Amino acid sequence: MTLIRSGLLAASLIALSSGAAFADYELNILHINDLHSRIEAINKFDSTCSAEEEGKGECFGGVARLKAAIDAERQKLSGRNVLLLNAGDNFQGSLFYTTYKGAAEAEFLNLMKFDAMTVGNHEFDDSEDGLATFLDKVQFPVVTANVAAGASSKIGDRIKPFIVLDKGGQKIGIVGAVANDTEELSSPGPNVLIGNDVADITAAVAELKKEGVDKIVALTHVGYPRDLAAIAKIPDVDVVVGGHSHSFLSSTSDKAEGPYPTMVDNPGGYKVPVVQAGAYSKYLGNLKVVFDDAGVVKEATGAPITIDSSIKPDEAVLARIKELSGPIDELKNKIVAETAEPVDGSRETCRAAECAMGNLVADAILDRTKNQGMTVAITNGGGLRSSIDAGPVSMGEVLSVLPFQNTVATFQLKGSDLVTALENGLSQIEEGAGRFPQVSGLKYAFDKSKPAGSRVVSVEVKEGDAFALLDPDKTYGVASNNYLRAGGDGYAIFAKAAVNPYDFGPNLELVVADYLSAHRPYKPYTDGRITEAAATGMAEGATGTETKPATAGEAATPADSGTTATEGATTTGNTGSSTATTGSEAAATTAEGSAAAGGRHVIARGDTLWDLAKAAYGDGTLWRRIAEANGNPRPRALHIGRELSIPAK
């Protein structure tokens with residue numbers, strides 16, 4: 001692919017030198033991601049905005065404002081080449097989805113006239129049935145290269161790997177991808193297979209090149225870190241428009257996760273702009289890309305547009321929203337409780353640390369099940385979808401926090417398996433993954449600098465009014481939600497090792513509403529039940545040396561780890577088998593650990609299996625050879641400092 005680009009560049013230079021100049025091509029990309037059914041406007045807590053807040057100009061987003069903003073930008077760009085793209089996760093997050101199961105989202109997205117969309121993991125929350133109904137209604141193409149529908153699937157062939165659009169006489173290729181772990185995150189069912197994003201995008205790009213397409217946009221729902229590390233480095237991908245991680249990008253705001261656009265070096269010798277537009281309809285991405293005659297990005301500029309009160313909502317859309325909201329107003333407006341202060345349910349907090357909403361939900365689950373002998377509750381931070389502001393709490397607000405209609409699940413589990421569950425929950429903190437464990441009835445400390453699988457430092461379980469050391473051989477009564485109990489978010493240990501599981505308890509949102517009502521006015525709090533070990537002085541390496549990360553297959557599992565009483569806590573993990581090295585020695589090891597066939601490589605920031613295979617074998621498509629030799633690590637969760645074995649050619 002690089003040779004083709006080089007040849008085109010050389011040809012263009014020759015043409016220019018002979019006096020035949022070619023014009024640059026400008027493409028304007030408007031984009032959204034992670035709408036999450038925010039049909040109505042939202043407030044600063046990402047919950048439905050009240051009439052009072054609307055009157056004060058404190059509301060953002062909502063499809064009426066979003067459509068107005070899109071129409072205004074299209075008007076400004078009249079006569080130019082414009083694409084409107086949707087990077088997935090339109091489902092789940094409000095009573096409109098709970099009530100209409102995607103029909104409302106499809107209706108409003110159709111009004112906005114998208115050019116293409118990729119599916120997000122939440123598009124499978126009601127299995128393929130919900131997505132099939134959505135596909136019946138949408139009037140724009142849906143492209144996702146790594147979704148393969150079986151012969152008996154209701155999806156059929158309506159999700160394409162890629163499409164080719166004609167904009168201003170130029171062919172634009174759009175290729176999509178959804179997160180590789182969608183089968184863990186959602187419920188696609190047995191008739192839908194989720195492939196590998198890099199491999200399947202690569203194959204689609206090859207087909208596009210055969211059709212003479214030299215301007216290719218990857219429309220992804222894999223997350224900003226994955227877009228930077230892998231997608232933007234696929235040969236001949238020119239632009240990446242992403243979703244999934246809800247990343248707000250900006251070149252001017254200090255709250256941004258990265259610049260807009262973020263420019264990534266592609267192995268082909270050119271730079272790829274990567275963009276994302278926050279979430280919940282609060283932003284409209286606005287990117288201008290200039291291509292040279294060889295189809296290479298020459299310039300990329302832009303900034304997200306904040307969909308705030310300065311944008312007047314589309315009146316026709318507002319009227320339709322009001323019409324659709326009729327059947328759900330009674331439920332939505334029912335006041336069920338009151339809070340003394342705002343309850344923080346932000347993803348930034350709840351996917352990385354103890355949060356007030358996590359405590360509320362876990363406490364509510366444990367309170368409902370304590371009479372059944374349950375002493376521990378675990379819920380996933382990703383299942384908490386918004387915060388609650390202070391004052392009266394409606395059922396609609398509770399449902400905005402817990403929109404998935406999950407039920408309470410109960411079971412028994414050995415202490416060692418409980419640690420395994422916590423390790424899973426802590427395994428993807430760097431990615432902001434939703435599996436982060438919010439808990440009740442136990443305390444734990446973790447060290448996120450350690451490799452995944454050995455991050456738990458200490459665990460204590462509440463017995464009576466005090467906390468006691470976790471006993472790895474003891475069986476504990478555990479309560480969670482049915483999604484996690486069935487193995488969702490990577491909690492396979494719950495599905496495999498649970499004893500006497502019962503997944504059909506009351507709906508989680510009703511349990512939380514009842515708990516709030518019983519504790520009116522509810523006072524949100526955090527109490528130190530989850531701590532980072534380094535902050536408490538409990539982490540290894542406090543003497544100034546650095547513990548060498550475990551090599552492939554070396555990290556201890558909870559079953560074979562040592563268990564040591566330390567400062568009144570049970571310490572678990574790979575505490576006795578690693579070799580201490582100084583920080584400089586560790587850095588040298590990483591620097592010298594180039595990916596050579598038959599050798600070993602220490603993962604450094606930015607490494608991908610594709611890049612390692614390219615360096616070792618000259619062919620990135622052989623990345624599975626490295627993966628299989630190292631226990632098939634998750635390609636989008638390579639942990640810095642881990643040593644990989646690179647098989648011989």
Side-chain angles (χ1 to χ4, degrees), residues 28-44 46-80 82-117 134 137-142 241 243 277-287 302-329 332 386 396 400:
N28 295 275
I29 301 175
L30 304 175
H31 60 98
I32 69 166
N33 55 275
D34 298 281
L35 174 67
H36 282 297
S37 191
R38 293 315 201 267
I39 303 299
E40 297 176 295
I42 60 173
N43 58 21
K44 63 181 180 180
D46 298 329
S47 299
T48 301
C49 208
S50 67
E52 181 182 359
E53 289 168 322
E54 188 72 70
K56 294 179 180 178
E58 297 174 350
C59 296
F60 301 89
V63 294
R65 271 197 181 87
L66 183 60
K67 183 180 184 300
I70 290 170
D71 289 346
E73 289 307 307
R74 278 191 169 129
Q75 183 62 36
K76 291 178 187 177
L77 296 168
S78 179
R80 292 151 85 175
V82 181
L83 281 177
L84 178 61
L85 302 178
N86 183 319
D89 267 9
N90 301 286
F91 286 13
Q92 207 67 265
S94 80
L95 294 176
F96 282 86
Y97 181 76
T98 303
T99 303
Y100 296 106
K101 295 299 181 184
E105 289 78 10
E107 178 178 338
F108 293 118
L109 294 176
N110 283 339
L111 290 177
M112 297 175 204
K113 301 185 185 305
F114 280 87
D115 289 291
M117 168 191 149
F134 178 80
K137 297 179 182 300
V138 294
Q139 299 164 1
F140 47 81
V142 178
V241 176
Y280 305 138
S281 73
K282 189 174 182 179
Y283 302 99
L284 173 65
N286 185 12
L287 178 70
I305 299 167
T306 303
I307 312 300
D308 59 18
S309 60
S310 67
I311 298 173
K312 186 177 184 295
D314 184 286
E315 292 294 338
V317 174
L318 281 179
R320 179 58 175 153
I321 292 171
K322 185 176 181 180
E323 182 181 355
L324 288 172
S325 66
I328 59 178
D329 276 344
K332 186 168 103 173
S386 68
S400 292

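Keep in mind that what you see is a predicted model, and the values were worked out from it rather than measured.
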Please report the interatomic distance [atom1]([X]) to [atom2]([Y]), rounded to the nearest 0.5 Å.
X      : Y      : atom1 : atom2 : answer
Ile305 : Glu73  : CD1   : CD    : 3.5 Å
Leu35  : Met117 : CG    : CE    : 10.0 Å
Glu40  : Leu318 : CD    : CG    : 10.0 Å
Ser281 : Phe60  : OG    : CZ    : 10.5 Å
Asp34  : Asn90  : CG    : CG    : 8.5 Å
Glu105 : Phe91  : CD    : CZ    : 6.5 Å

Indicate the atoms forming the closest heavy-atom contact of [X] with [Y], along with that distance.
X      : Y      : value
Ser325 : Phe96  : CB-CZ, 3.9 Å
Ala68  : Lys312 : CB-O, 3.2 Å
Thr306 : Ile311 : O-CD1, 3.8 Å
Val241 : Ala87  : O-CB, 4.2 Å
Ile32  : Tyr283 : CG2-O, 4.1 Å
Leu324 : Pro327 : O-CD, 3.2 Å

Contacts of type salt bridge (charged side-chain N to carboxylate O under 4.0 Å, His left out), residue [X], not counting sequence neighbours:
X      : answer
Glu54  : Arg65
Lys113 : none
Arg74  : none

Task: Qualifying residue for side-chain contact (heavy atoms from CB on, under 4.5 Å) with Phe140, from Asn86, Asp115, Leu109 - done: Leu109
Task: Identified side-chain contact (heavy atoms from CB on, under 4.5 Å) partner of Phe114 from the options Val142, Leu85, Leu84 - done: Leu84
Partners meeting side-chain contact (heavy atoms from CB on, under 4.5 Å) with [X] (sequence neighbours left out):
X      : value
Ser386 : Arg38, Ser47, Ser400, Val401
Glu53  : Asn43, Cys49, Ser50, Glu58, Cys59, Asp389
Lys44  : none
Val317 : Val63, Ala64, Lys67, Phe108, Leu111, Asp314, Ile321

What residues, two or more places apart in sequence or in another chain, satisfy side chain to side chain donor-acceptor pair (under 3.5 Å) together with [X]?
X      : result
Asp329 : none
Lys56  : Glu52
Thr48  : none
Asp46  : none

Taking [X] for the side chain and [Y] for the main chain, is one N or O donor matched with an acceptor at less than 3.5 Å?
X      : Y      : answer
Ser309 : Gly57  : yes
Asn110 : Gln139 : yes
Asn33  : Gly278 : yes

TODO: Under the ring pair (Phe, Tyr, Trp, His ring centres under 6.0 Å) rule, collect the residues that match up with Tyr280, sequence neighbours excluded.
DONE: His36, His246
